[in-house]
Amino acid sequence: MADLITYREAVAEGIAREMRRDPAVVCLGEDIGAAGGVFKTAAGLFAEFGPERVWDTPISEQAILGAAMGAAMTGMRPVAEIMFSDFFACCWDYLANEIPKVRYMTGGQVTVPLVVRTANGGGLGFGAQHSQAVENWALAIPGLKIAAPATPADVVGMMAAAIRSDDPVVFFEHKGLFASKGAPAPEGHVVPLGQAAVAREGSDITLVALAATVPLAMAAAEQVAADGISAEVIDLRSLIPLDMATVLGSIARTSRLVIVEENPYQGGWGGTVASIVADDGFESLDAPVQRVTAACVPLPFADVLEQAVIPTTDKVVAAIRRLTSY
Amino acid sequence: MADLITYREAVAEGIAREMRRDPAVVCLGEDIGAAGGVFKTAAGLFAEFGPERVWDTPISEQAILGAAMGAAMTGMRPVAEIMFSDFFACCWDYLANEIPKVRYMTGGQVTVPLVVRTANGGGLGFGAQHSQAVENWALAIPGLKIAAPATPADVVGMMAAAIRSDDPVVFFEHKGLFASKGAPAPEGHVVPLGQAAVAREGSDITLVALAATVPLAMAAAEQVAADGISAEVIDLRSLIPLDMATVLGSIARTSRLVIVEENPYQGGWGGTVASIVADDGFESLDAPVQRVTAACVPLPFADVLEQAVIPTTDKVVAAIRRLTSY
Amino acid sequence: MTVREEENAGTAPAIGRDELLTLYEQMEVIRRTEKAAHDLFLSGLVKGTTHLAAGHEAVAVGASAALQPGDYVFATYRGHHHAIARGAAPAECLAELMSKGTGLCKAKGGSMHLTKASAGMLGSYAIVGAHLPMAVGAAWSAKLRDSGEVAVAFFGDGATNIGAFHEALNLAAIWSLPVLFVCENNLYMEYTPIGAVTPVGRPAADRAPAYGLPAEVVDGNDVVLVAEAVARAAARARAGAGPTVLETLTYRHFGHSRTDPAKYRPAEELQQWLQRDPLNLARQRLTSAGVPEAALTAAADRAAAVVAAAVEEAKAAPPPDPEDAFTDMWADGGSAWRT
Amino acid sequence: MTVREEENAGTAPAIGRDELLTLYEQMEVIRRTEKAAHDLFLSGLVKGTTHLAAGHEAVAVGASAALQPGDYVFATYRGHHHAIARGAAPAECLAELMSKGTGLCKAKGGSMHLTKASAGMLGSYAIVGAHLPMAVGAAWSAKLRDSGEVAVAFFGDGATNIGAFHEALNLAAIWSLPVLFVCENNLYMEYTPIGAVTPVGRPAADRAPAYGLPAEVVDGNDVVLVAEAVARAAARARAGAGPTVLETLTYRHFGHSRTDPAKYRPAEELQQWLQRDPLNLARQRLTSAGVPEAALTAAADRAAAVVAAAVEEAKAAPPPDPEDAFTDMWADGGSAWRT
Ligand SMILES: Cc1ncc(C[n+]2csc(CCOP(=O)(O)OP(=O)(O)O)c2C)c(N)n1
Ligand SMILES: Cc1ncc(C[n+]2csc(CCOP(=O)(O)OP(=O)(O)O)c2C)c(N)n1
Ligand SMILES: [Mg+2]
Ligand SMILES: [Mg+2]
C-alpha cells in the first residue's frame, strides 16, 4: 500500500478518477477552477481537465444547482460544489423541490444523474453560519441519496458510486476530517451507497456514527475498552439508502445503542435510526436508546462554547457507561 | 357560544385581534392585500388596517423574510406570509441561517419578534411542489419556535402567542383544515406555545398527532373504540417547544405509542418524539413504537396515488391493532 | 439521461401561408383544450388546480414553430400550451389533469407539471422562477456537447422579481450560453398588477442590460411576430452569440387559477385584450393572405374534433394503479430507502 | 426589540479639517486593528477565520461620518471596519476574535459576525447577500415608524450575483424605502476576478437601472468623497426619495481570508492600489489643507496606542464560561426546547 493520503486529497482524487473514465462528468462551483476550491478539494482538476470541464461560477448557488440539474437532464453528469453546506439554505429549492422530485413527478421521463458536493460540519471555529452538519436536512427530502464518508478510501469509493449514480446524490465532505489521513483507495475502488461499515467490532453496545462522529465514537470505544466494555462502532457512510440491516444485526447481539450525531437532537438523523430500532429492533433492546447530539442552539464561535454544545468523546463515554450499567 | 367558524376565518381573526392590540404588528406577503391572500386567510385585514399595515409584495420570498427580519430587529412585529410552505425552500436561508441565529450569534444583542405564516400540507391535489408538510424542516433548526394548530380556536390562541412571542415563530396553517369548522375563540384567548392538548382521553394506547393528523388520529380512535380499544389522542400543537411531559405522562399509563405524521418517515418529526420515548420513556413501553407517516416519495398528484403514500385512518387503525395485540 | 439525437440546423424559415394555417390550428387545439380543462374542473373531473393559458397560445405556438425538435423547453405551472405546442397530445394532457394512468406524467404530476421529454418539453415547474437556471443548464449542456441545441425558458412577468431569475440571466450571460428567456408578460402576478410590484415598465426586457444581454419586446398575441423573434434569438444562440431576453406582451383569458373570476381586472382592459385575441389575429393574417374562410373553419373544426375526442379518450382512460405510487422513484426502478 | 430613540436630523455637514483629522485617526485605528488581527491569527490566538478590511477603511469611516447615530448598518463577514467605524471599541472586537467572554458577541459570533446593536451596527452576516433584504426591512420599519432613520447595507462586488441582491433592490425600489446599497467593489470575489463572473463593468451601479434606482460610482479610497456621496444618498432617503446604489471602488490589502497570500492578483495592480491607500489619500488631503505633519503623526500615534492597549486588554480578558453556550438562545433567557 502506498503512502497515506488526506481526506482532502481523496476528494479531488475521487472526482479525477471519474472524470478520466467518463467525459460526461463536469464540475462547477465557486473558485473551483485555477484556485482549486477554498478547501483545495478540487486541486489539480483544472490543470488536468481544463476550463471545458471545470467551471468557475459566480456567487449564485441557485444557478449552480439549477444549471447542474438542467445539464444532468440533458446528457451530462455534473458535479456541483456548494462551498459550505450551510449555503444549501441559499439553493434549498433545488435540493428540496426540483432535483429530487422531477423524475417522479414526470412519471419517470427524466433522470438527474448529478452530485452536489459540500463541505459540512463544525470544529474549525467558523461560527454559526459556516459550521453546521446538515445531513439531516437532506434526509428529510425524498429523492436524494446521501453520502457522508469518514475515511479517504471511502471518499474515493463513494465518490465513484455517487458520480455513477443515475439518482442525485448529496455528498457531504466533512471539514473536520479534511486534514485526516488514511490508506489510499485501490484502483477502481467503488463503495456502493447504502452499505454501512463496521469500523470496530464489539459485543456489549453498538455505537452508530457518521462522518466526523466516527472517530469520536472510535475514541470513546477505545476509552471504555480499558474498563472491559466492548463497543461496536458502525459507520453508516450513507443515510439514503440507510443500512438498517447492519444496525439491527448489531443490536441483536449487543442489545444496546448509542447514536452519535453532529446535528442537534431535534430533527437529527438519529431520530430516524432510533425510531426504526424502537420499532423493528424493540425486542433486541435491553436499555434505553441514547442519542449524543449537538444542543439545540446555533453553533457558537469559541472552542470552549462549541465543546459545550457538540458531541464529544466524554459525552459518548458517559452515554456508554449509562447504558452498559443499565 | 357563537356560531362555528372555519379554520380559514380563524387565521384572519387571530391576526386581526393582535393588529388591534399592537400597532407594531404589520403584515406582508404576496397577494395578501386587497385580494386577502390566495387562501383568503388574510381576508378583511386590508379593509380594516389599510396599506400601511398590510403590504403586498413581489414574488420575492427571500426579500419578504429578510425584510421581516430587519423590521423585527428595529421595533416592529411583522407577520410574513409565505404562500405555500414548499416555498420555504426559496427563502430557507432566512429560516435556517439568519432569523433563528442572529440573537444567539450576537450574544443576545437583538431579538427577532416575527411570525412566518404558511399554508402547509397536502390533501388538495396540488402536486409535489405545493403539498408538502414541512414542519420537520423547521424542527431541524435551533432558534425557531413552531406552531401547527389543528382547530380554529387554537389557530386564534396560538396566533396570539406567536405574535406576542419575542422569538421567531413559524406558524403552519394546514391547507386540508382550512374549510374545517370549530368553536370560535373567546375574547383574549391565548394558547401558549409548548402545551400539547389531550384531544381524546384513553388508556390502552397513545396516539401523538399534529395539525391534520389530529382528525385522522381521532377517526382511528373512534374506529377502534368499537372493539373496546381505548386510544388517547394527543395534539402536540407545537413542535418547539415540544411538550414531551404530556406524551411521556400518557405513555406511562398506556405503555403503547403510535405517532401519526404527514411528513415522510426519514427525517420526520416523529423520529424526535420516538427517540425521546425510546430513551426517557423506555421503561413505560410494552410494545414497539410505530410511526405512521408518508412514504419516501414526492407527493403524487392523483388522489388514488396520494392515498397510497400518505397516512390514512386505515393505516393508523392497523398500527393501533398491531400494537394493542402485541 | 435524456439525450436526443436529432439534428438542429439553421433557423426557422419565414412563416408561409400553409404553415400559418397549421399554427392557427394548433392554437385552436390549445384554446379548446384549455376550455375543456376549465369545464372539466368545474364539473369536478379535474382535481387540484389549473392555470389555464387561453390567450397565451401565440407565444407557445410561435416559439415552437421557430425551434428544432432537439431544443429544450422549460415552462411554468401555466404550461399546457407549451406542452401541446411541443407535441403533447391533448388526450394525454387532459388524462393527466383527470388523474388518469395514461396521463403525460402517469397522474403523478398534474396540471402544473406537464412534461413530454421525448419532444424536448422538459417540464413544467410550479415554483416561480426555478426553471430558469435549469434552462441555463440545458444550454450549458448543449454547449458542452456542441450539439447546436438551444434551451428556452418561458416564465411570467411576476417571475422577474425572484432571485433565480437574476442568477440565471447572469450565469447565462457570462457563459454565453444558447438560451432564450421568454417572458409572457400578461400584466398580472396572480391578482396583483405587475406594475405594483416592479419598478420598471418591462420587467424582463428592461432588466436585460443588467446582464449585458440583448432584449426584444414582442407582441405576444401575434404568432408570426413571436415566431420571427424567437427565430432570430435562436439563430443568435446557435451562432454562439449567447442568450436573448424576449418579453412577449399577452393576456390570460381566464383568471389566475381554478375558479378565480379575475374581478381585479378592469372591464375595458379585458375587452381590449379580447379584441386582440391571438386566434383572431391569426385569422386576420390568414384572411389577408387570401386563405378562404372555409379553410379557417375547417381548421377550427378539426381542432374541435381533436379536443372532443381527447376529452372522451381521457374520460375513458383508467385511473392509475395505487402501486404505481412507488414506481419512478429511483432510476433503478425501486423506491426503498432503507434495508 | 432593538428600538433606539435618537433624533435623526438633516444630512452630514461638509467635512471640515478637524473632522477629517478625526476620520483619519479612525482609519488608522481600523488599519492597526486589522494588522493586529492578522498577527494574532498567525500566532494562533485568533481561531477560525478572518476577512480583513485593511484597504477598505475609507468606505466605512466615510459612510459613518455621513450617518446619524440612529441609522442602521448591516455588513458582511468582512465587517471589522464597519463595527469600529460605528463605534465598537477595538478591544471588544479583538476580544471577540480571540474567543473572549468580553467580546462584542460574547465569543458566540466571531470575526464574521461583529455586531454592536446599541451603536446601530446591526450585524455582520456571513452568507453572501443575505443582509441586503434585512437592511430593506430596517428601512421599511423606519418608514413605518416615520423615524427619519436610514438603513445601509454594505456588500462586496461578488454579492451582486446572488438572488437576494435582486430581490432586495426590487423591494426597496417599489416601496421607496430609505436604504442605501453600498457596494465595496474590491475587484475580487474570493480568488476570482469579478469581471470573470459578471457581465457588466460596474456590478452594482450598472444594475441600478433594472430597479429604476439612481446610482453613483465613488472612489472608495477617498474618505471625503465617500462621506459626501453617502450624505447625498442619505439625504435623498430621508427626504422620502427612496434608495440609492453606491458603488465604491476599493481594494483589500490582505488576501481574501486567513492566510490567503492573494497570488492571483497581478503585482502591478496591487502596487497601484497600495499607492492609493486610503490612509495616504487622507493624509494628502490633510497636508494640503495645512494640517501639520506633527498632527498627523500624533493622530497615528494615538491610534497605535489605542490598538496596542486593545490587544493587551483582549489578551488579558477571560474566556467565556462554558455555561454561556446556553444563554442568549430564547428571548426569555432560557434554552430549553422540550419539557
Ligand atoms: C416561489 C413562488 N412564490 C409564489 C408562488 C405562487 N404563485 C404561483 S403563480 C404566481 C404568480 C406568477 O405570476 P407570473 O410570473 O406573472 O405568471 P402568470 O401566472 O401570470 O403566468 C404566484 C405568486 C409560487 N408558485 N412560487
Ligand atoms: C451564499 C454564499 N456563497 C458563498 C460564500 C463564500 N464566500 C465568502 S466571501 C465570498 C466572496 C465574496 O466576494 P465579494 O462579495 O466581492 O466580497 P469581498 O470578500 O471581496 O469583500 C464567497 C464566495 C458565502 N459566504 N455565501
Ligand atoms: Mg403574469
Ligand atoms: Mg470583492
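Treat the numbers as computed from the prediction; the structure is a model and nothing was measured. First the proteins, then the strands, lettered A, B, ... as listed; each starts at 1.
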Visitor: Any side-chain heavy-atom pair from B:Glu98 and D:Ile127 closer than 4.5 angstrom?
Guide: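 B:Glu98 vs D:Ile127: side chains touch.
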Visitor: Please look at B:Val247 and chain D and tell me whether the side chain, the backbone, both or neither of the residue comes under 4.5 angstrom of a heavy atom of that chain.
Guide: neither
Visitor: Using a 3.5 Å distance criterion without hydrogens, assess whether the side chain of B:Gln109 forms a donor-acceptor pair with backbone atoms of D:Thr115.
Guide: yes
Visitor: Indicate yes or no: at least one non-hydrogen side-chain atom of D:Arg338 is less than 4.5 angstrom from one of B:Asp280.
Guide: yes
Visitor: Kindly give the heavy-atom pair with the smallest separation between D:Glu167 and B:Ala63, and that separation in Å.
Guide: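 Taking D:Glu167 first and B:Ala63 second, the nearest heavy atoms are OE1-N, 2.9 Å.
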Visitor: Determine yes or no for a side-chain-to-main-chain donor-acceptor pair under 3.5 angstrom, with D:Tyr72 supplying the side chain and B:Gly70 the backbone.
Guide: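 Side chain of D:Tyr72 to backbone of B:Gly70: no pair is present.
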Visitor: Just to verify, what does B:Phe46 make a side chain to side chain contact (heavy atoms under 4.5 Å, CB included) with, not counting sequence neighbours?
Guide: B:Ala34, B:Pro51, B:Val54
Visitor: Among D:Lys116, D:His131, D:Glu96, single out the residue with the greatest number of heavy-atom pairs under 4.5 Å to chain B.
Guide: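 Of the candidates given, the most pairs with chain B belong to D:Lys116.
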Visitor: Using non-hydrogen atoms only, which part of B:Met69 is less than 4.5 Å away from chain D: side chain, backbone, both, or neither?
Guide: side chain
Visitor: Is there a donor-acceptor contact under 3.5 Å from the side chain of D:Arg145 to the main chain of B:Thr74?
Guide: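 Confirmed, D:Arg145 side chain pairs with B:Thr74 backbone.
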Visitor: Is the shortest side-chain heavy-atom distance between B:Pro142 and D:Met329 below 4.5 Å?
Guide: yes
Visitor: Is the number of heavy atoms from other residues, nucleotides or ligands under 6.0 Å of D:Lys143 NZ greater than 12?
Guide: yes
Visitor: Just give me the residue among D:Ala138, D:Ala126, D:Gly109, D:Ala107 that pairs up with chain B most often, heavy atom to heavy atom, under 4.5 Å.
Guide: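 Winner by heavy-atom pair count: D:Ala138.
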Visitor: Return the set of residues passing side chain to side chain contact (heavy atoms under 4.5 Å, CB included) with B:Thr246 (not counting sequence neighbours), or none when no residue passes.
Guide: B:Ala196, B:Val198, B:Ile234, B:Asp243
Visitor: Could you report the tightest heavy-atom contact between D:Pro133 and B:Tyr94, atom names first, then the distance?
Guide: CG-OH, 3.2 Å
Visitor: Between B:Leu65 and chain D, with a heavy-atom cut-off of 4.5 Å, which part of the residue counts as in contact: side chain, backbone, both or neither?
Guide: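 Looking at B:Leu65, nothing touches chain D.
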Visitor: Would you call D:Thr327 and B:Tyr104 a side-chain contact if the rule is heavy atoms closer than 4.5 Å?
Guide: no
Visitor: I'd like to know which of D:Gly137, D:Ala168, D:Ser335 tops the heavy-atom pair count under 4.5 Å against chain B.
Guide: D:Gly137
Visitor: Among D:Ala135, D:Ala325, D:Gly333, D:Ala336, who wins on heavy-atom pairs under 4.5 Å with chain B?
Guide: D:Ala325
Visitor: Top residue by heavy-atom pair count (under 4.5 Å) with chain B, among D:Gly163, D:Ala130, D:Ser124, D:Gly110?
Guide: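 Max contact count across the listed options: D:Ala130.
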Visitor: Would you check if D:Asp332 and B:Asp166 make a side-chain contact, meaning some heavy-atom pair closer than 4.5 Å?
Guide: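 With C-beta onward as the side chain, the pair stays apart.
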Visitor: Highest number of heavy-atom pairs under 4.5 Å with chain D: which of B:Ile59, B:Val26, B:Thr57?
Guide: B:Val26
Visitor: Determine, for D:Trp337 and B:Lys145, whether the Lys NZ or Arg CZ falls below 6.0 Å from the six-membered ring centre while staying within 45 degrees of the axis.
Guide: no
Visitor: Heavy atoms only, distances under 4.5 angstrom: which of B:Gly66, B:Ala68, B:Gly194 has the most pairs with chain D? Name it, please.
Guide: B:Gly66
Visitor: Closest heavy-atom contact between B:Thr111 and D:Ala331?
Guide: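 In terms of heavy atoms, the two residues are closest at CG2-CB, 4.3 Å.
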Visitor: Check the pair D:Tyr125, B:Asn97 against side-chain contact (heavy atoms from CB on, under 4.5 Å), reporting the backbone distance first and the verdict last.
Guide: CA-CA 10 Å; D:Tyr125 298 84; B:Asn97 288 330; over 6 Å; no
Visitor: Output yes when a side-chain donor or acceptor of D:Lys106 lies under 3.5 Å from a complementary backbone atom of B:Gly107, and no otherwise.
Guide: yes
Visitor: Applying side-chain contact (heavy atoms from CB on, under 4.5 Å) to B:Ile240 and D:Trp330, what does each step give before you reach the verdict?
Guide: CA-CA 11 Å; B:Ile240 301 285; D:Trp330 304 120; 3.8 Å; yes
Visitor: On a heavy-atom basis, which atom in D:Ala117 and which in B:Val110 lie closest, and how many Å separate them?
Guide: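 Minimum heavy-atom contact is CB-CG1, 3.9 Å.
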Visitor: Apply ring-ring contact (aromatic ring centres under 6.0 Å, His included) to D:His80 and list each qualifying residue two or more places apart in sequence or on a separate chain.
Guide: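 Here no residue qualifies.
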Visitor: Mind checking which of residues 171-180 of chain D sit less than 4.5 Å from chain B, heavy atom to heavy atom?
Guide: D:Leu171, D:Ile174, D:Trp175
Visitor: Ignoring hydrogens, what is the shortest heavy-atom contact between D:Trp140 and B:Ala67? Give both atom names and the distance.
Guide: CE3-O, 4.1 Å
Visitor: Checking B:Leu144 against chain D: side chain, backbone, both or neither under 4.5 Å from a heavy atom?
Guide: backbone
Visitor: Would you say D:Leu144 and B:Trp55 make side-chain contact, with heavy atoms under 4.5 Å?
Guide: yes
Visitor: Quick one: does D:Ser141's side chain have a donor or acceptor within less than 3.5 Å of a partner on B:Met76's backbone?
Guide: no
Visitor: Using modelled atom types and a 3.5 Å cut-off, is there a donor and acceptor pairing between side-chain atoms of D:Thr339 and backbone atoms of B:Ala245?
Guide: yes
Visitor: Give a yes or no on whether B:Glu48 atom CD has more than 12 heavy-atom contacts from other residues, nucleotides or ligands under 6.0 Å away.
Guide: yes
Visitor: Counting only non-hydrogen atoms closer than 4.5 Å, does B:Thr272 touch chain D with its backbone (N, CA, C, O), its side chain (CB onward), both, or neither?
Guide: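 Interface part for B:Thr272: side chain.
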